[in-house]
Visitor: 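Structure provided below as structure tokens; questions to follow.
As the structure lists them, so they are numbered: ligands from 1, and atoms in each ligand from 1.
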Amino acid sequence: MENVTRAKIWANVPEKDWNDWHWQIRNRVTNVKQLEDIIKLSRQDKTEIARCLSKFKMAISPYYASLMDKSDKKCPVRMQSVPTIFETRTADSDMHDPLHEDTDSPVYGITHRYPDRLIFMITDQCSMYCRHCTRRRTVGITDKRISDAQIDKCIEYIKKTKVIRDVVITGGDPLTLEDSVLEGVIKKIRAIKHVEIIRIGTRMPVVLPMRITKKLANMLQKYHPLWVNVHFNHPHEVTKEAAEACNILSREGIPLNNQSVLLKGVNDCPHIMKRLVHDLLMIRVRPYYLYQCDLSIGIEHFRTSIGKGIELMERLRGYTSGLAVPTFVIDAPSGGGKVPLMPEYMISRSDKKIIIRNYEGLIAAYTEPEKGESSCKKCHLCDNVFKEDNIGIAKLFSGKAVSLRPMDSKRGHEISGTKFHA
Ligand SMILES: *Cc1c(COP(=O)(O)O)cnc(C)c1O
Ligand code: SF4
């Protein structure tokens, strides 16, 4: 693991400035002219990037820009941060809001999709605009945080929605907010009795590790249990600086989980993926999700087949530490939420036996218990507040329904207690 070597144009910037996250944000690379000083661009590249910038923003921190290979167009860091002409193309399957984050939003700033948790988008600003960003329809548009009044409306919603036990603060990147402003928001969430855990989703440790100061980590730990999700996609991103940023958070007892996006040409290779998950464990970051690329506008060139993702999972499970294996998920279009996918491990079953195979191809029988019925004694947890027995597949298991039907099936509305989007 190495420190980043600064690109030439920043070679003489004093350490103090370089390590100051405000300096890094102020000096983000946002146009072709600045970019030219860092990587080699042909005349055609320049025209194409400029065309793309009329549609989507670019912003690359000097730190992240320095990680780029100067001449390799396929550099994984460059591919994630420098636009290409492909972004100006809209594929037939592309959607403005594939995940229905706007539809499932009771208050501007919140997407409430699952029974017990929600995401709270407090800003649309990021320190680096990822070319593959799923929220590109909103991210970077105003390049600032939502208003105090709007934050309070969101807090009110969480307060009155007593089933919420997990609040995911996201954006944009919430760590673009000043410590004091961020603390103001977290403090209000922590004061809500029914909120058990707070999570923050951020790419800062990857794209601007200087943001992770001891002061920030010390502020965050006051609001435990607090978890942080990060977003590493390629082993090149795991630098000494990134490792130190993660270390500062871990030392304050903040568990770190990684959410990668499967990207064609960046990490859609079993060897790269394995290197990445191993490098993450070395810096005490647990691989959490590997996302199939969404159907957002202008990112089709990043999409791999689902089969590629399954193949990567096949090449991890068994071959390496279970801790290194993320869950591969598709965020179902139309707001279906995350759906896990994996290779088939169950080969067959009868009422007595289940036949499974492992990563080596070994085939084995597992015998079900003689007395398979539940030993439930109906303790007080049975009538928990979430009434999960009434939701989705659990409703079928509990016997409260014998079928669920999509709303747009002919007789859908008669039985379905679950909200489906057409
Ligand atoms: C991803 C996501 C969550 C959190 O999902 P987990 O599986 O609990 O990490 C919550 N709400 C929305 C809308 C999401 O997209
Ligand atoms: S950091 Fe996240 S929200 Fe921001 S551009 Fe990247 S993927 Fe999108």
Side-chain angles (χ1 to χ4, degrees), residues 25 28 56-61 64 77 79-83 87 97-106 109-143 145 158 161 163-177 196-208 211 227-233 237 255 257-263 266 286-294 296-299 302 326-340 421:
I25 291 215
R28 290 183 302 174
F56 298 108
K57 251 197 181 97
M58 170 174 79
I60 317 172
S61 68
Y64 198 67
V77 174
M79 285 180 72
Q80 291 182 68
S81 55
V82 176
E87 289 185 36
D97 177 19
L99 310 182
H100 278 202
E101 288 186 323
D102 301 339
T103 326
D104 286 349
S105 172
I110 281 181
T111 298
H112 184 186
R113 167 166 309 147
Y114 293 106
D116 65 340
R117 58 203 185 280
L118 52 74
I119 53 180
F120 182 5
M121 287 160 275
I122 59 175
T123 177
D124 77 2
Q125 192 183 50
C126 293
S127 54
M128 195 281 275
Y129 290 111
C130 308
R131 300 334 299 172
H132 55 275
C133 179
T134 199
R135 280 194 201 124
R136 53 200 351 241
R137 72 184 185 286
T138 52
V139 152
I141 300 292
T142 65
D143 213 23
R145 69 181 179 91
I158 302 171
T161 313
V163 290
I164 299 303
R165 41 159 288 285
D166 175 1
V167 173
V168 183
I169 304 176
T170 173
D173 196 319
L175 297 191
T176 51
L177 271 63
E196 295 177 359
I197 62 166
I198 297 174
R199 296 193 249 178
I200 295 179
T202 176
R203 217 181 170 194
M204 288 289 187
V206 186
V207 296
L208 209 164
R211 173 64 186 101
W227 296 59
V228 167
N229 280 348
V230 295
H231 174 177
F232 286 91
N233 285 331
E237 296 169 336
N257 284 271
N258 189 59
Q259 320 199 82
S260 291
V261 185
L262 177 53
L263 299 170
V266 174
R286 168 90 216 258
Y288 177 42
Y289 282 137
L290 172 64
Y291 286 94
Q292 174 68 16
C293 207
D294 289 325
S296 303
I297 290 172
I299 58 174
F302 279 125
T327 305
F328 176 48
V329 290
I330 305 191
D331 226 321
S334 303
K338 299 172 184 75
V339 177
H421 295 288

Visitor: Any idea which part of Met128 is under 4.0 Å from ligand 2, heavy-atom wise: side chain, backbone, both or neither?
Guide: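 It is the backbone that gets close, since no side chain atom is under 4.0 Å.
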Visitor: Looking only at non-hydrogen atoms, which of Leu118, Ile119, Val168, Asn257 approaches atom 13 (C) of ligand 1 most closely?
Guide: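 Heavy atom nearest to atom 13 (C) of ligand 1 belongs to Ile119.
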Visitor: Indicate yes or no: does Glu237 engage Arg203 in a salt bridge with an N to O separation below 4.0 Å.
Guide: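 Yes, Glu237 and Arg203 are salt-bridged.
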Visitor: Name the closest protein heavy atom to atom 1 (S) of ligand 2, giving the residue it belongs to and the distance to 0.1 Å.
Guide: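 Closest protein heavy atom to atom 1 (S) of ligand 2: Arg203 CB, 3.7 Å.
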Visitor: Which bit of Arg117 gets closer than 4.0 Å to ligand 1, counting heavy atoms only: side chain, backbone, both or neither?
Guide: side chain
Visitor: Of the backbone atoms (N, CA, C, O) and the side-chain heavy atoms from C-beta on, which set of Arg199 has a member under 4.0 Å from an atom of ligand 1: side chain, backbone, both, or neither?
Guide: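 It is the side chain that touches ligand 1; the backbone stays farther off.
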Visitor: So which heavy atom in the protein is nearest atom 3 (S) of ligand 2, and how far is it from that ligand atom?
Guide: Cys126 SG, 3.7 Å
Visitor: Check whether any N, O or S atom of Cys130, backbone or side chain, sits closer than 2.8 Å to atom 6 (Fe) of ligand 2.
Guide: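 Short answer: yes, at least one N, O or S atom is under the cut-off.
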Visitor: Using a strict cut-off of less than 4.0 Å between a Lys/Arg side-chain nitrogen and an Asp/Glu carboxylate oxygen, indicate whether Arg113 and Asp104 qualify as a salt bridge.
Guide: yes
Visitor: Please step through side chain to side chain donor-acceptor pair (under 3.5 Å) for the pair Asn233 and His231, ending with a clear verdict.
Guide: CA-CA 6 Å; Asn233 285 331; His231 174 177; 3.0 Å; yes
Visitor: So which of Asn257, Thr170, Asp166 actually passes side-chain hydrogen bond (donor to acceptor under 3.5 Å, both in side chains) with Arg199?
Guide: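 One option only clears the test, and that one is Asp166.
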Visitor: Testing the basics here: between Tyr129 and Gly140, what is the closest heavy-atom pair and its distance to 0.1 Å?
Guide: OH-CA, 3.3 Å
Visitor: Do any of the N/O/S atoms of Cys133, backbone or side chain, fall under 2.8 Å from atom 8 (Fe) of ligand 2?
Guide: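 It does; at least one qualifying atom falls short of 2.8 Å.
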Visitor: Yes or no: does His231 have any heavy atom under 4.0 Å from an atom of ligand 2?
Guide: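 A heavy atom of His231 does come that close to ligand 2.
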Visitor: Minimum heavy-atom separation for Ile299 to Cys133, with atom names?
Guide: CD1-O, 4.4 Å
Visitor: By number and element, which atoms of ligand 1 are closer than 4.0 Å to a non-hydrogen atom of Tyr289?
Guide: 6 (P), 7 (O), 9 (O)
Visitor: Contact between ligand 2 and Arg136 is defined here as a heavy atom of the residue under 4.0 Å from a ligand atom; is it met?
Guide: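 Contact check Arg136 vs ligand 2: negative.
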Visitor: Under the 3.5 angstrom rule, does the side chain of Thr123 hit a backbone N or O of Gln125 as a donor-acceptor pair?
Guide: yes
Visitor: Hey, which atoms in ligand 1 end up nearer than 4.0 Å to a heavy atom of Tyr288?
Guide: 6 (P), 7 (O), 8 (O), 9 (O)
Visitor: So that I can tick it off, tell me whether Asp124 and Arg136 are bridged by a salt bridge, with the cut-off set at under 4.0 angstrom between side-chain N and carboxylate O.
Guide: no
Visitor: Which pair of non-hydrogen atoms, one from Leu177 and one from Arg211, has the smallest distance, and what is that distance?
Guide: O-NH2, 3.0 Å
Visitor: Identify, for atom 14 (C) of ligand 1, the protein heavy atom at the shortest distance, and state residue, atom and that distance.
Guide: Lys338 NZ, 3.1 Å
Visitor: Which of the atoms in ligand 1, numbered in the order shown and given with their element, are less than 4.0 Å from a heavy-atom of Thr111?
Guide: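 Once the distances to Thr111 are compared, the set is 13 (C).
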